[in-house]
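A, B, ... follow the sequence lines: proteins, then strands. Residue 1 opens every chain.
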Amino acid sequence: YKTFDGDLKWDHNDVTYRILNYSPDLDSSVIDDAFARAFKVWSDVTPLTFTRLFDGTADIMISFGKKNHGDPYPFDGKDGLLAHAYPPGEGLQGDAHFDDDEFWTLGKGPVVKTYYGNAEGAMCRFPFVFGGKTYTTCTSEGRADKLPWCATTDDYDKDGKYGFCPSELLFTIGGNSDGAKCVFPFVFLGDEYNSCTTEGRNDGYRWCATTSNFDQDKKYGFCPNRDTTTIGGNSEGEPCHFPFVFLGKEYDSCTSEGRGDGKLWCGTTSSYDDDKKWGFCPDQGYSLFLVAAHEFGHALGLDHSNIREALMYPMYSYVEDFSLHEDDIEGIQYLYGGKTDPKPTVPQPNTPTTTAIPDPDETDSTDEPEPEPEPEPTNHPTTTTSTPLDPTKDACNVIKFDTITVIGGDLYFFKDGHYWRKSGKGDSALKSPMLISERWPALPAVIDSAFEDVLTKRLYFFSGTKFWVYTGKNVLGPRSIEKLGLPDSVQKVEGALQRGQNKVLLFSAENFWRLDVKTQTIDKGYPKFIDVVFGGVPIDAHEVFQYEGHTFFCRDRFYWRMNSRRQVDRVGYVKYDLLKC
Amino acid sequence: WSVPLKSVFVTFPGDVIKNMSDTDLAESYLKKFGYMDTLHRSGFQSVVSTSKALKRMQRQLGLDETGQLDTQTLDAMKRPRCGVPDVAN
């Protein structure tokens, strides 16, 4: 192995990374997961941890680009240079760039994640049989809306399992349209377009308008690559057109006819003879996971190795069951040392990607924070309503809060008779803990959930089967939750979500009820199952709250964030993303 | 056996035909990855530096150190790889 001159390395172990953009070759969740696994290759053998940031500047900024992509080292089209990365340091140092003229896969051909359909997002299975015919790519056969689809088993006629393939007719990536699909035709600079285009851009990425007139609305998105998207050639990623005519003969699939190098190609219009539009067909592609693991080795301080089997060997070769070579391990441990313990007592804050739900077995509630030393007596006058407590009682050591809620727009974290307040947006500092009993004397030490009534600003607190209602300093309670119409089977209320002016959803175990705050009764038709209405979140979340337009479901130290369209758009750590530890 | 179809080779518009000569390919590879500085030396020295640079590259990539532009070396130069230079500069 080799390190860079001066043994360049990070001066901290909790390294951060941020994905700046995505390749159209793969679904973003597949890219997120490939990068997370590539970082895990290194965190498994060192004390390093990797935390994903979604904004601001991270140590390792990851991006895709083509040819001249903003640094002094341009890429070179398909094949040749695949990617590069810079050794640790400020600015460009530590960053990793991937050549998007390559066809990025997981090393064994197109990775086509499906959407909708009935296969829960499973990958396409090629080849598959439909109507007795065999298909090796997505098809719009059998559909009037021409949406490309595929089977997720090898026989659709038998299993009936299918999903829709990535296509600009279904959604777009990035841009400013929140993933809305393309609108065809659309007008751009006065011209009408019936397909994605690279016009107006110098980075070669295909885009479309998501309204009928870009000149007017300026709404756009990037087009996802279809599984039949061509690579290189002169069609800028247009999908193959089957059948196409070449030298007078009709072709229904890719061919190497006409070439001496045996590479498979296709026409991207119905006749190559007439239009001369073509591209290479998707091949096995390059494993984004393997190339990223190599580049991240550079971003951590490793140079190239001359051991052919080592990950840090400069040439690409696909490996099915990858594991680090001892040469790589010796190199990275020379820089950062070995892993300090066989299994992290506190899981590394490698924020799970939006698809990889953290391993529930990792939650070990044994690691209660160390007992704090007796706090120094504070002699300065308290300026707040409650005496600030032991400021070293650090919220960042709390694995699981009793409850989290929003009061007056601020986030409140409750635990064992204390609460922390985090005001406003962004990175404002967390106030040191206060005593619940000083601000709300009637309340017990453990609060299961709480909410602020939007209209009256009354505060509802729940603990066990009791609840309290504070109006300013005045309190009503404790009263039984059965007074609200909840059944006596409910042992505790674990979450509350305001809905409109006077409705609140109350969560307990895998059910939720809707409370009409004005009549103080439960609406008809409840309870409902959480996983029926809020698909994709854990049904044993012990905190549910609304914050900044999103719904948060918390379990242990993790949160699942759901947007207004009830899509889980982020999974992360309460500690890092909400407490900003 | 039928007479084999005479394959027609077509020049595809926009095809990045890397019709670099082997020598040009080697020269650009050795410079791009730091085996040979980009300073132009006089004819005689450039031969020495190319052979010496080839040996360094063959050692780095675990090839036989012949100092010659042989097939194994040319094949290695055509394989997809990381863009980070092999000789830190």
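- In terms of the side-chain contact (heavy atoms from CB on, under 4.5 Å) criterion, residue partners of A:Asp95 (sequence neighbours excluded) are, by chain and number, A:Met61, A:Leu92, A:His97.
- Taking both residues in full, the closest heavy atoms of B:Pro85 and A:Asp303 are given as O-OD1, 3.8 Å, listed atom of the first, atom of the second, then distance.
- More than 12 heavy atoms of other residues, nucleotides or ligands shown are found within 6.0 angstrom of NZ on A:Lys276.
- Shortest non-hydrogen contact noted between A:Leu81 and B:Cys82 is CD2-O, 4.4 Å.
- The contact list for residues 55-64 of chain B toward chain A, using heavy atoms and a distance under 4.5 Å, reads B:Arg59, B:Gln60, B:Leu61, B:Gly62, B:Leu63 by residue number.
- Considering CG of A:Leu82 and CZ of B:Arg81, their distance stands at 9.5 Å, rounded to 0.5 Å.
- The most heavy-atom pairs under 4.5 Å with chain B, out of A:Tyr86, A:Trp265, A:Phe75, A:Phe246, come from A:Trp265.
- Considering only heavy atoms from C-beta on, B:Val84 comes within 4.5 Å of A:Glu295 through its side chain.
- Within 6.0 Å of atom OH in A:Tyr318, more than 12 heavy atoms from other residues, nucleotides or ligands are found, so the atom counts as buried in its surroundings.
- A:Arg308 pairs by the side chain to side chain donor-acceptor pair (under 3.5 Å) definition with nothing, not counting sequence neighbours.
- Contacts between A:Leu247 and chain B at a heavy-atom distance below 4.5 Å involve the side chain alone, from C-beta outward.
- Using a 4.5 Å cut-off between heavy atoms, A:Tyr286 contacts chain B through its side chain alone, with no backbone atom that close.
- Contact of A:Ser305 with chain B is made through the backbone alone, with heavy-atom distances under 4.5 Å.
- Between chain B and the residues A:Pro314, A:Gly233, A:Ala85, the most heavy-atom pairs under 4.5 angstrom are made by A:Pro314.
- In this structure, A:Asp261 CG and B:Phe9 CZ are separated by 9.0 Å, a value rounded to the nearest 0.5 Å.
- Remark: A:Cys223 engages A:Cys196 in a disulfide bond (SG atoms under 2.5 Å apart) (not counting sequence neighbours).
- The aromatic rings of B:Phe12 and A:Tyr272 are tilted relative to each other, their planes meeting at an angle between 30° and 60°.
- Interface summary for chain B: among A:Met315, A:Lys277, A:His84, A:His298, the most heavy-atom pairs under 4.5 angstrom belong to A:Met315.
- Contacts between B:Lys78 and chain A at a heavy-atom distance below 4.5 Å are absent for every atom of the residue.
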